[in-house]
Amino acid sequence: MKHEKMLMLFVLMGLFILAFIVLTLANMIITQITLDFSGLIDTARDSTIWRSIWLTLYTAFLATVIAFIFGVPLAYVLARKDFFGKGLIEGIVDVPVVVPHTVAGIALLTVFGTHGLIGAPLASYVKFVDALPGIVVAMLFVSTPFLINSAREGFQSVDPRLENVARTLGASRWRAFYKITFPLAFRHVLVGAVMSFARAVSEFGAVVVIAYYPMITPTLIYERYISYGLSASRPVAVLLILVCLTIFITLRTIAGVRRHDRD
Amino acid sequence: MKHEKMLMLFVLMGLFILAFIVLTLANMIITQITLDFSGLIDTARDSTIWRSIWLTLYTAFLATVIAFIFGVPLAYVLARKDFFGKGLIEGIVDVPVVVPHTVAGIALLTVFGTHGLIGAPLASYVKFVDALPGIVVAMLFVSTPFLINSAREGFQSVDPRLENVARTLGASRWRAFYKITFPLAFRHVLVGAVMSFARAVSEFGAVVVIAYYPMITPTLIYERYISYGLSASRPVAVLLILVCLTIFITLRTIAGVRRHDRD
Amino acid sequence: MIEIKELNRNWREFSLTNINLDIKEGEYFVVLGPTGAGKTLLLELIAGFHHPDRGEIWIDDENVTSLPPEERGIGFVYQDYSLFPHLTVGENIEFGLRLKEISESDMRRRTKEIGDLLNISHLFHRSPRTLSGGEQQKVALARAIVIEPSVLLLDEPLSALDARTRDVLREELRKIHREAEITTVHVTHDQTEAMFLADRIGVLMGGEIAQVGTPGEIFNAPINERVAEFVGVENIIEGVIESNEDGVTVISINGHRIEAVSTYSVGDRVRVCLRPEDVTLAFSRERSSARNSFKGTITQVVPLGALTRVRVDCGFPLMALVTKRSVEDLGLMEGDEVIASFKAIAVHLIR
Amino acid sequence: MIEIKELNRNWREFSLTNINLDIKEGEYFVVLGPTGAGKTLLLELIAGFHHPDRGEIWIDDENVTSLPPEERGIGFVYQDYSLFPHLTVGENIEFGLRLKEISESDMRRRTKEIGDLLNISHLFHRSPRTLSGGEQQKVALARAIVIEPSVLLLDEPLSALDARTRDVLREELRKIHREAEITTVHVTHDQTEAMFLADRIGVLMGGEIAQVGTPGEIFNAPINERVAEFVGVENIIEGVIESNEDGVTVISINGHRIEAVSTYSVGDRVRVCLRPEDVTLAFSRERSSARNSFKGTITQVVPLGALTRVRVDCGFPLMALVTKRSVEDLGLMEGDEVIASFKAIAVHLIR
């Protein structure tokens with residue numbers, strides 16, 4: 001189309017951003033494979049690495065499950081009810097996106113540390129600092145907004161009149177929710193859970209403050225980088241990103257994300 | 001309402017999440033003020049701290065501007081055009097959310113490092129490693145998805161028929177864009193920019209790998225924590241979160257975010 | 001059957017003020033009103049989706065004001081069908097039955113019956129998305145009545161359909177009402193629909209019930225000018241009562257005299273309401289039972305399909321609605337002199 | 001003026017196939033068709049929002065097929081008004097003028113003129129959101145015609161309005177067309193609208209132009225059964241030509257004889273098309289010019305406001321549309337024996 005100059009320009013500018021993202025990741029992976037393929041193989045055979053990847057996925061999964069249990073009900077309330085102070089609640093939900101990661105770490109340490117508000121009374125039952133629960137708490141803090149916002153969008157996209165009709169047919173509010181609204185919003189909830197999980201896996205700043213050990217992979221990468229430099233940490237980074245992208249693409253395909261379905 | 005048991009339960013569960021977020025931040029701030037108010041005052045008088053906060057805001061601002069210039073056109077194209085491979089492009093836009101932060105740092109170092117694909121040819125003009133451009137690049141990488149997705153939503157919410165009508169009235173595509181579509185989507189774009197800016201300020205993992213120095217505040221907090229412990233880093237964390245929340249609340253108020261406007 | 005007492009509710013831009021209605025067992029009651037009058041809100045209050053700010057709702061001699069929708073025994077049909085998109089047509093219809101404790105065979109029988117009644121049995125395995133508007137609305141109806149509710153609430157059920165389908169479904173609604181004898185409340189802005197279906201009509205304007213009556217009362221004897229205008233009384237002419245003998249009233253309009261039947265007294269200022277379809281046009285004065293006939297000039301002829309709207313200036317403006325055939329047979333054209341006639345009983349007077 | 005040549009376009013679930021149209025200078029052309037026929041797509045192709053897969057569009061003897069919308073000189077009005085919500089009414093109307101290089105005073109004059117013509121000058125400082133549907137659509141019209149386009153395209157411009165406002169705006173459209181003499185293409189599914197406004201009508205069904213003609217031709221002489229059904233010919237009865245002398249044709253239907261005017265030959269199988277409003281009902285056989293009259297039994301009486309639909313069984317089914325008044329005067333009821341009559345020229349024959 002000769003008259004679509006503006007669109008061509010827009011596409012070109014968009015390609016810069018896309019190229020920046022793709023190039024950055026692709027270059028790392030390709031550099032690793034072409035320059036030091038044996039290093040990658042060695043890393044892939046290192047059980048320490050796999051243990052840390054497994055720990056990362058496991059803690060992220062726990063964080064997502066907790067976010068799901070407590071976040072989905074909140075998302076439903078935000079989608080269906082108007083009340084005074086709703087804007088404030090929505091602001092609070094978004095706060096974790098805004099909090100600098102190391103600040104989140106310090107804050108969580110204050111609360112969940114051995115002398116903290118929650119950490120102290122629980123000290124004889126659960127240890128958070130430098131322990132698995134600390135990792136989960138840090139991941140939960142940074143990842144909830146993704147789940148809640150996506151689920152809220154999902155519930156909003158379901159016409160409340162469907163619930164109304166279901167209730168006239170004899171369904172209680174709860175039954176209308178799990179028979180009608182939840183199934184219809186399920187895709188959004190799943191997408192939210194995927195993003196939330198991914199965000200949990202990606203976290204470093206908050207986790208490293210509250211729990212340097214046991215080492216999740218992002219921490220391991222940082223530790224190797226500081227101790228042995230780029231060439232020692234890059235194979236781990238490549239391995240982790242391959243694992244992440246595989247999971248992300250798989251789940252995204254299952255959830256069947258297409259923007260115009262979502263909007 | 002006696003029949004709204006389910007909603008009451010949902011609200012209660014939601015309160016857990018909200019309490020977790022609010023408590024974590026409030027507890028840190030209150031602990032600091034009640035236990036060590038003088039420490040907070042000393043920190044607030046320390047010009048090193050303010051320089052680092054200023055550096056953080058400045059680099060985050062630069063990253064947001066770049067994201068705006070290249071991201072808004074892409075968002076428009078994604079909102080208006082259907083094409084083969086659109087799902088892939090949308091996936092790429094979301095990738096930075098999913099990439100573990102230290103992995104992003106390693107990847108950026110590979111590309112922008114002194115021997116990197118882009119870093120090497122530019123070596124005599126720009127230095128990325130341990131320099132301001134490195135910080136900006138890292139912030140840009142992690143924050144673009146927020147701007148692009150919000151802007152895309154905004155453009156989608158503008159009926160394309162308004163553009164059609166504008167064009168029959170003699171407006172070129174470009175004029176229809178900046179007279180009609182952009183003003184109508186402006187709030188979404190602004191919200192996206194705010195989230196993008198906030199995300200840039202919050203980044204630690206990617207920045208710390210490519211540019212430990214000059215020290216942005218999240219790095220400074222981490223450094224103090226490692227070197228001197230919780231009590232030395234907390235006042236800085238409190239100061240930064242107060243600055244962040246102030247900016248975030250102000251901009252959010254200006255943008256007038258209300259969910260049901262957005263959806 | 002349904003008693004609404006002093007109902008008040010403000011919600012967003014809608015409000016209902018002091019609504020009182022008494023809907024009888026088995027009645028087909030139509031709430032007629034313009035867009036934004038609060039018709040849907042009223043229906044949703046009866047259903048229990050909203051709670052009133054004040055007032056009470058009684059169904060079957062039970063105060064249901066604080067009962068949740070699932071305990072009110074109602075069937076509800078929305079304008080946009082509101083079928084559950086993730087279920088098949090059959091599953092939609094069975095949804096309510098599965099919540100009751102009835103046997104599988106009973107359920108089969110009742111869904112089959114309703115499917116046959118509405119002629120949708122062949123659609124049971126389809127997804128609602130693949131159905132036409134008319135089919136979807138039939139399914140929504142089936143879903144609502146298969147649970148044998150004591151009250152059926154219909155929210156503009158025909159408005160989203162095209163003219164042809166609307167006609168078909170209108171007759172279907174009447175048939176269902178006759179066979180099942182469910183007390184029905186149907187809200188609409190469409191007068192034809194109201195006249196065709198209603199046993200009684202309540203006119204809702206600006207959040208208040210302006211008039212309740214049979215279709216004949218509403219359309220021929222509207223209570224005030226707003227209702228008159230809304231129900232299509234296109235001739236509303238001011239005049240003064242000149243004489244009234246035994247109910248035969250003469251109204252003077254700019255010196256012209258109109259006869260009507262009323263109880264107004266001499267000197268009262270009134271408005272003469274006359275439906276345009278009650279005005280006949282001819283070139284010569286015929287002997288007929290029409291007591292009022294005026295010579296006038298045609299100022300406009302507007303063809304509207306089978307009917308034609310003719311504006312006549314008789315010293316006062318008069319709108320007539322006549323068939324296309326009579327316009328053609330008589331050769332009516334703008335500028336022609338005609339005799340416009342109407343019966344005294346076609347005239348309705350309001351203040 | 002507008003020539004459309006062999007236009008083809010597939011888009012989403014819509015498709016247009018081999019569209020050929022020749023719309024004359026100053027003509028009011030209505031594209032009439034059911035929902036989903038591709039009417040909006042056709043209009044958007046003329047406007048240039050879409051590009052055809054094949055074929056050409058000429059406006060004013062210029063091939064505009066590859067011109068962008070801003071260079072085609074068209075005005076466009078959508079069903080939902082599509083006013084710019086962030087601009088005032090005045091700014092909406094001035095939007096197109098500001099893009100032309102005309103003086104401020106010229107602009108003032110032209111916006112004032114159009115504001116007066118449509119009686120919306122008092123709304124200029126309001127936001128579009130605060131206007132009623134009818135007002136919004138007037139503003140959209142003003143915005144489209146103030147730039148003096150050579151072609152005005154209207155996409156179901158009256159469909160979103162309530163009945164009363166629709167009547168007003170329909171007359172407004174005719175007035176504007178008479179005064180401004182802009183070549184207009186108006187798409188709609190509403191037959192009354194088409195009959196009222198159109199110089200010529202093109203019937204679009206299933207992505208193809210089924211028939212083009214004057215309103216009289218379309219409504220009285222539809223080309224095939226699908227068009228006949230769509231334009232409200234409710235009586236479509238199969239028969240065989242029994243004789244034809246000088247055009248006076250006798251058709252045999254189950255032994256009953258109908259007279260018509262046609263050129264069909266003896267033995268041809270045809271369908272008799274008869275509009276229900278062309279059938280009159282009476283209790284006795286009158287002397288009249290109606291050549292066809294049949295004794296039958298009323299099987300259904302359906303009141304529809306000013307008109308009533310009566311189904312008569314005369315050995316073959318016959319639908320009649322008569323006024324409410326004649327039903328009341330004659331006291332027509334289900335089961336009554338009546339004489340149904342219609343003229344030979346009211347009958348239209350198709351294959």
Side-chain angles (χ1 to χ4, degrees), chain A residues 6 10-11 13-14 16-18 21-25 27-28 31 70-71 73-74 76-77 87 90-92 95-103 106-111 117 141 144 156 173-174 195 198-199 201-202 204-205 209 218 221-222 225 230 233-234 237 240-241 244 248 258-259 263, chain B residues 6 10-11 13-14 16-18 21-25 27-28 31 70-71 73-74 76-77 87 90 92 95-103 106-111 117 141 144 156 173-174 195 198-199 201-202 204-205 209 218 221-222 225 230 233-234 237 240-241 244 248 252 258-259 263:
Chain A
M6 183 186 103
F10 275 23
V11 167
M13 296 181 77
F16 261 93
I17 286 279
L18 297 171
I21 295 169
V22 172
L23 199 72
T24 302
L25 296 175
N27 183 241
M28 173 178 71
T31 305
F70 292 96
L74 179 60
Y76 180 77
V77 173
E90 287 169 346
I92 292 174
V95 156
V97 177
V98 175
V99 176
H101 306 157
T102 49
V103 173
I106 299 290
L108 288 164
L109 195 58
T110 308
V111 177
L117 189 66
F141 186 83
T144 33
Q156 269 173 350
R173 195 180 257 280
W174 167 246
M195 293 304 284
R199 179 68 187 79
V201 169
S202 74
F204 166 62
V209 169
I221 291 167
Y222 181 69
Y225 172 63
L230 182 60
S233 63
R234 199 171 49 207
L240 181 59
I241 193 67
C244 284
F248 180 61
R258 277 179 310 159
R259 293 287 173 185
D263 300 314
Chain B
M6 184 186 104
F10 275 24
V11 167
M13 296 181 81
F16 260 94
I17 286 278
L18 296 171
I21 295 169
V22 172
L23 199 73
T24 302
L25 296 175
N27 184 240
M28 172 177 70
T31 305
F70 293 97
L74 179 61
Y76 181 77
V77 173
E90 287 170 344
I92 292 173
V95 156
V97 176
V98 176
V99 176
H101 306 158
T102 48
V103 173
I106 299 290
L108 289 164
L109 195 59
T110 310
V111 177
L117 189 65
F141 186 84
T144 33
Q156 269 172 353
R173 194 181 258 278
W174 167 245
M195 293 304 284
R199 180 67 187 81
V201 168
S202 74
F204 166 63
V209 169
I221 291 167
Y222 181 68
Y225 171 65
L230 182 59
S233 63
R234 199 172 47 207
L240 181 60
I241 193 68
C244 283
F248 179 61
R252 216 178 145 107
R258 280 180 308 160
R259 292 288 171 185
D263 300 312

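Below, chain A is the first sequence line, B the second, and so on; all start at residue 1. Not measured: the values here are computed from a predicted model.
- Among the candidates B:I21, B:V95, B:V201, the residue making the largest number of heavy-atom pairs closer than 4.5 Å to chain A is B:I21.
- Of the listed residues B:S233, B:G205, B:A107, B:P218, the one with more heavy-atom pairs under 4.5 angstrom with chain A than any other is B:A107.
- The heavy-atom pair separating B:I241 from A:P100 by the smallest distance is CD1-CD, 4.2 Å.
- Between A:Y76 and B:F10, the two ring planes are perpendicular [angle over 60°; tilted spans 30° to 60°].
- A distance of 10.5 Å separates CG in B:L108 from CG in A:L23, rounded to the nearest 0.5 Å.
- Nearest heavy atom pair, residue A:V209 against residue B:Y225, reads O-OH, 3.0 Å.
- Residue B:I221 holds its CD1 atom at 5.0 Å from CG of B:L240, rounded to the nearest 0.5 Å.
- Contact of A:F70 with chain B is made through backbone and side chain together, with heavy-atom distances under 4.5 Å.
- Atom CG of A:N27 is separated from atom OG1 of B:T110 by 6.5 Å, given to the nearest 0.5 angstrom.
- Between chain A and the options B:I17, B:V77, B:T24, the largest number of non-hydrogen pairs under 4.5 Å is found for B:T24.
- Interface residue A:I106: backbone and side-chain heavy atoms are both found under 4.5 Å from chain B.
- For a residue to count as touching a neighbouring chain, one of its non-hydrogen atoms must lie under 4.5 Å from one of that chain's; by this rule B:T31 touches chain A with the side chain only.
- The aromatic rings of B:Y222 and A:Y222 sit perpendicular, their planes meeting at an angle over 60°, well past the 30° parallel limit.
- The candidate with the highest count of non-hydrogen atom pairs below 4.5 Å against chain A, out of B:V22, B:V11, B:T144, B:L230, is B:L230.
- Comparing B:R199, B:M195, B:R234, B:M28 by heavy-atom pairs within less than 4.5 Å of chain A, the highest count is held by B:M28.
- Heavy atoms closer than 4.5 Å to chain B are found in both the backbone and the side chain of A:F141.
- Interface check for chain A: of the options B:P96, B:C244, B:A237, B:A198, the most heavy-atom pairs under 4.5 Å are formed by B:A237.
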